[in-house]
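Chain letters run A, B, ... following the sequence lines, proteins first and then strands; every chain starts at 1.
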Number of protein chains: 2
Amino acid sequence: MALHDEQGVATTTFADIAERAGVGPATVLRHFPNLGSLVMACGQHVAEEMRPLTPADSTRVFAGQATTAARLERLVSEIDAFYERGSFRLIAAGNDRDRVPELDEFLKMVDAGLEGLIREAIVDDAPGDPLMSVLMALCNVTVWQRLNRANLTALERQAILMDLLTCAMASVRSRKPPMP
Amino acid sequence: MALHDEQGVATTTFADIAERAGVGPATVLRHFPNLGSLVMACGQHVAEEMRPLTPADSTRVFAGQATTAARLERLVSEIDAFYERGSFRLIAAGNDRDRVPELDEFLKMVDAGLEGLIREAIVDDAPGDPLMSVLMALCNVTVWQRLNRANLTALERQAILMDLLTCAMASVRSRKPPMP
DNA sequence: CTATTGACGGAATAATAATTCCGTGAAATT
DNA sequence: AATTTCACGGAATTATTATTCCGTCAATAG
């Protein structure tokens, strides 16, 4: 995992891993007969450290929040914390996702989990397909990454994202008048 | 360029290129002694097809637009067209940017150009560092990509992005009261 | 105490890709 | 017509990495 963090997944060689682990290359190969199995194994630990968001977090995160705005507020705070934990690895995984199928799987799962949680947050507002796409776009890790690089405190960052999500909801709704 | 589009830059081998070109591997190597020079050469053509935005486009794009809102409107339309032309390759390049220095260079240039044009659009509003970061985040190609995948027309897409940029400006400004 | 098991890892091998070499032939020059 | 030049590309070479092989050793079972 350290090496994958330092130099990326696909560029790390089995020999690199063996050396860092202080064992022979053959030993690494025995435990992980191919890159896929190694990535899967790392994935377990990565997921633990990163704690991806899923609809299962819904009750914990949204407990007692009656309004959509209140839930969005909580959602943003969770997303911020999540990316604080995992943005680095999410981006690294993204770089290699079409070289390593297991990384693609993982990222799809993370994405699906996030989408589910967002749905829970705005469940009152009958989220349509376009709205969800827009919200997912705003909650993307690259957006967070750029916000994070800005000269902003965590609270400012969250406030801005909150504003953007709210704005997105209004914007999409205004363009899709309810069917008569 | 076709092969880079089909299977990515770093995964394409010189032999692949030679075969596709109907020549021997050595011939490709003579013209492009290393991957970097090949990428640079492709970059010329890619840039032509993609026409990255730069502050130089300012006069053409913003001609006669007196208000910030009007300029933003034009900006969004340009960005949308730009990504329509180039999002595919921008993303592919992004995947290999830390394997191929030349791709990194290229993307930095594109980014700088876009940032410059955005600055021109909001020049009236004394753009601060944080605001620019937020706007750049929203104008990121991955955001566009997700909006594009949504069930939206180009005009809807642009309208939403326009709303988001406007909202971002208000949001950042409200959080950074002018110094007394 | 001896036999068995199985993880270990250095070294050999295979696979893939980059890079060099060198003979060939077509075009340009004399 | 003879000579020079030079791009070409098949084949050999090198480099890198994955993968296999097999002898060694420590722990465990009998």
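- One can place CD of Q7(A) at 14 Å from C1' of dT17(D), the figure rounded to the nearest angstrom.
- In this structure, the CZ atom of R20(B) is 19 Å from the C1' atom of dG9(D), given to the nearest Å.
- In the hydrophobic clustering of this structure, V46(B) groups with L114(B); members are Ile, Leu, Val, Met, Phe, Trp, Tyr whose side-chain heavy atoms approach within less than 4.5 Å, directly or through other members.
- Rounded to whole Å, the distance from CG on L29(B) to C1' on dG9(D) is 12 Å.
- Remark: P of dT19(C) and NE2 of H31(B) are 16 Å apart, rounded to the nearest angstrom.
- The nucleotide whose nearest atom lies closest to any side-chain atom of A26(A) is, among dC21(C), dA18(D), dC21(D), dC21(D).
- Using a 4.5 Å heavy-atom threshold, the side chains of L29(A) and F14(A) count as touching.
- You'll find the side chain of L135(A) reaches within 4.5 Å of the side chain of I122(A), heavy atoms only.
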Atom pairs and distances, side-chain donor-acceptor, residues 71-78 of chain B, under 3.5 Å, sequence neighbours left out:
unit_1	atom_1	unit_2	atom_2	d
R71(B)	NE	A121(B)	O	2.8
R71(B)	NH1	Q65(B)	O	3.1
R71(B)	NH1	A66(B)	O	3.1
R71(B)	NH2	A121(B)	O	3.4
R71(B)	NH2	D124(B)	OD2	2.8
R74(B)	NE	V61(B)	O	3.2
E78(B)	OE1	R60(B)	NH2	3.2
E78(B)	OE2	R60(B)	NH1	3.3

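- No side-chain heavy atom of F32(B) sits under 4.5 Å from any side-chain heavy atom of M40(B).
- Judged by distance alone, the side chain of D80(B) and the main-chain N or O of Q158(B) form no donor-acceptor pair under 3.5 Å.
- dA18(D) atom C1' lies 11 Å from atom CG of L35(A), rounded to whole Å.
- Each end of the helix from dC1(C)-dG30(D) to dT30(C)-dA1(D) gets its own axis, taken as the rotation carrying the C1' atoms of four end pairs onto the next four within a five-pair window, and the two axes meet at 10° to the nearest 10 degrees.
- Residue contacts shown for T27(B) include a base, since a base heavy atom lies under 4.0 Å away.
- Which of dG9(C), dA18(D), dG9(D) sits closest to the side chain of R30(B) comes down to dG9(D).
- The CZ atom of F14(B) sits 17 Å away from the P atom of dG10(D) (whole-angstrom rounding).
- Under 4.0 angstrom from either OP1 or OP2 of dA18(C) there lies at least one side-chain N or O belonging to T13(B).
- Under a cut-off of 6.0 angstrom, the local environment of CD in E19(B) is sparse, with at most 12 non-hydrogen atoms contributed by other residues, nucleotides or ligands.
- Between L38(B) atom CG and dA17(C) atom P there is a gap of 16 Å when expressed in whole angstrom units.
- With rounding to whole Å, I17(B) atom CD1 is found 12 Å from dA18(C) atom C1'.
- Projected onto DNA chain D by closest heavy-atom contact, V23(B) and N34(A) fall at different nucleotides, the more 5' of which corresponds to V23(B).
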